[in-house]
Amino acid sequence: MKALSNVLFLMIVGGIILSGATLSSGVEDTNWSVRRMGMLSSIEADVVRHKNVLGFARLTPGVRHALAKVPRHLFVPEKFRVRAYDNAPLPIGHQQTISQPTIVALMTELMAVTHGDTVLEVGTGSGYQAAILAEVVSHVHTIEIIPQLVDSARKVLADQLYHNITVHEGDGYAGLPDCAPFDAIIVTAAPPEIPQALLDQLKPGGRLVAPVGPVNATQWLKVWVKQQNGSCNIREIIPVRFVPMVSGGI
Ligand code: SAH
């Protein structure tokens, strides 16, 4: 288990820095797609290596397709663009980070989403995880507490023509009762405990994936599966390190 967290969270960012590729005439420079496939191979190697704790050995086709398609370099600040396809978290400003691609892949798999689902993401950040989900489900509601990140995520998602994502500004501790219930919920910042409001907004049979635990210490990635009688089965997956889920004015 320790090895896994080391691999996933203390990965040394290295490798070759290729010359900056640019977009021209709406056609993606092949450099980016080649590097994106490199990122995907790294994710798939992580999944195989840790199949016993994860409970699966390969990505489902929908998630794989999403990771191969979404241009992560457009979701990170320009100065980090050359590292966009390293399998590593990166700063996105406001002391927040875009999650490591392996973590995005695992959390998306653990949500067990399918075409036709409506999902909630708490912690929009860059908008990348929302875009990955939007490739698989029919609608993504995502909520972010930092107004500047709401604005930048709305812009990049609109530029990428994601019409099936709604970015809400607000405190995710309350969830989004007006849009509930959801087939699945993902929380991408760590609360000390899972907010009851989020469990309440899950459909029977729905899955909630979240890191839970103290600030600046190891948290656990867990999955809640809501039963028909409203109770939840809970599974602990791996130790992780996320930014804290804050409440109220930060
Ligand atoms: N999913 C993001 C990564 C987000 S990092 C991505 O793909 O880039 C976690 C995000 O959660 C940060 O943007 C942070 O501002 C946000 N956040 C923290 N507490 C929150 C809260 N109570 N409600 C909504 N968003 C919150």
Side-chain angles (χ1 to χ4, degrees), residues 8-9 39 43 63 66-67 69-77 80-81 83-111 113 119-137 140-157 160 162 165-177 179 182 184-198 201 208-216 219 221 240-250:
L8 297 182
F9 302 100
M39 175 190 84
I43 295 169
V63 174
L67 292 162
K69 179 176 171 193
V70 177
R72 192 175 189 252
H73 62 281
L74 299 181
F75 291 83
V76 302
F80 295 119
R81 217 155 257 187
R83 289 164 54 190
Y85 295 106
D86 290 350
N87 193 355
L90 289 171
I92 54 170
H94 311 278
Q95 297 170 325
Q96 306 303 321
T97 53
I98 181 174
S99 302
Q100 181 188 357
T102 289
I103 291 298
V104 172
L106 297 186
M107 291 178 80
T108 310
E109 288 291 356
L110 291 165
M111 290 171 80
V113 281
V119 303
L120 169 66
E121 178 194 27
V122 175
T124 313
S126 68
Y128 176 74
Q129 172 74 72
I132 293 288
L133 284 166
E135 294 289 339
V136 184
V137 305
V140 181
H141 290 279
T142 179
I143 182 165
E144 169 59 51
I145 203 165
I146 298 179
Q148 294 92 327
L149 291 176
V150 171
D151 291 345
S152 50
R154 277 187 183 145
K155 180 169 187 330
V156 66
L157 292 168
Q160 295 297 303
Y162 281 106
I165 302 177
T166 311
V167 183
H168 304 255
E169 182 176 331
D171 184 346
Y173 272 97
L176 281 176
C179 306
F182 301 100
I185 299 177
I186 179 172
V187 183
T188 65
E193 285 175 17
I194 202 67
Q196 185 59 41
L198 297 183
Q201 290 170 28
L208 186 156
V209 180
V212 174
V215 180
N216 296 327
Q219 306 130 2
L221 187 62
V240 289
R241 187 68 81 97
F242 276 73
V243 294
M245 184 166 164
V246 297
S247 196
I250 47 168

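First listed ligand is number 1; within each ligand, the first listed atom is number 1.
Close approach of ligand 1 to Thr97 (heavy-atom distance below 4.0 Å) involves ligand atoms 3 (C), 4 (C), 5 (S). Listed by number with element, the atoms of ligand 1 under 4.0 Å from a non-hydrogen atom of Gly172 are 21 (C), 22 (N), 23 (N), 24 (C). The atoms of ligand 1 that sit less than 4.0 Å from any heavy atom of Ser126 are 6 (C), 7 (O), 8 (O). Atom numbering of ligand 1 starts at 1 in the shown order; those under 4.0 Å from a heavy atom of Gln129 are 1 (N), 7 (O). Listed by atom number, the atoms of ligand 1 under 4.0 Å from Val243 heavy atoms are 5 (S), 9 (C). Those atoms of ligand 1 with a heavy atom of Gly170 less than 4.0 angstrom away are 23 (N), 24 (C). The Leu149 neighbourhood of ligand 1 comprises atoms 13 (O), with distances under 4.0 Å to a heavy atom of that residue. Counting the atoms of ligand 1 from 1 in the order shown, those under 4.0 Å from a heavy atom of Asp171 are 21 (C), 22 (N), 23 (N).
Heavy-atom minimum distance, Val70 versus Ala131: CG1-CB, 3.8 Å. Of all heavy-atom pairs spanning His94 and Ile146, the tightest one is CB-CD1, 3.9 Å. Nearest heavy-atom pair, Ser247 versus Asp171, reported as atom, atom and distance to 0.1 Å: OG-OD2, 3.2 Å. Annotation for Val113 and Val137: closest pair CB-CG1, 3.5 Å, computed over non-hydrogen atoms. Closest of all the heavy-atom pairs between Val243 and Gln96 is CG2-OE1, 3.3 Å. Between Ala197 and Ala174, the shortest heavy-atom distance links the atoms CB-O, 3.9 Å.
Heavy atoms from other residues, nucleotides or ligands lying under 6.0 Å from CD of Gln148 number more than 12. Annotation: Gln196, atom CD; neighbour count of heavy atoms from other residues, nucleotides and ligands within 6.0 Å is above 12.
Contacts between His94 and ligand 1, counted as non-hydrogen atom pairs separated by less than 4.0 Å, are absent for every part of the residue. Here Val104 has no heavy atoms under 4.0 Å from ligand 1, in either its backbone or its side chain. Under 4.0 angstrom from ligand 1, there are no non-hydrogen atoms of Ala130. Contacts of Thr124 with ligand 1, taken as heavy-atom pairs under 4.0 Å, involve the backbone alone.
For a threshold of 3.5 Å applied to N or O pairs, the pair formed by Ile92 and ligand 1 contains no separation below that value. Residue Glu144 has at least one N or O atom closer than 3.5 Å to an N or O atom of ligand 1. Geometrically, ligand 1 and Ser247 share no nitrogen or oxygen pair separated by less than 3.5 Å. By the 3.5 Å distance cut-off applied to N or O atoms, Ser99 is not counted among the residues near ligand 1. Taking distance alone, with nitrogen or oxygen atoms compared against 3.5 Å, Val122 stays at or beyond that limit from ligand 1. Considering backbone and side-chain atoms alike, Thr188 places an N or O below 3.5 Å from some N or O of ligand 1. By the 3.5 Å distance cut-off applied to N or O atoms, Ile146 is not counted among the residues near ligand 1.
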### Message
Could you walk me through whether Val156 and Ser126 satisfy the side chain to side chain contact (heavy atoms under 4.5 Å, CB included) test, starting with their C-alpha distance in whole Å, then the side-chain angles of each, then the deciding distance to 0.1 Å, before giving a yes or no?
### Response
CA-CA 8 Å; Val156 66; Ser126 68; over 6 Å; no
### Task
Given side chain to side chain contact (heavy atoms under 4.5 Å, CB included), test Ile185 with Met111 step by step and report yes or no.
CA-CA 7 Å; Ile185 299 177; Met111 290 171 80; over 6 Å; no
### Task
Report the C-alpha separation of Asp86 and Met39 in whole Å, then their side-chain angles, then the decisive distance to 0.1 Å, and conclude whether the side chain to side chain contact (heavy atoms under 4.5 Å, CB included) test is met.
CA-CA 6 Å; Asp86 290 350; Met39 175 190 84; over 6 Å; no
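Using 4.0 Å as the threshold, Pro244 has a heavy atom nearer than that to some atom of ligand 1.
Here the shortest heavy-atom distance to atom 25 (N) of ligand 1, taken over Ile186, Ile145, Leu90, Val187, belongs to Ile145.
Between the side chains of Glu121 and Thr142, at least one donor-acceptor pair of N or O atoms lies under 3.5 Å.
Between Tyr128 and Phe75, the ring planes are perpendicular. Angles over 60° get that label, and only those under 30° would be called parallel.
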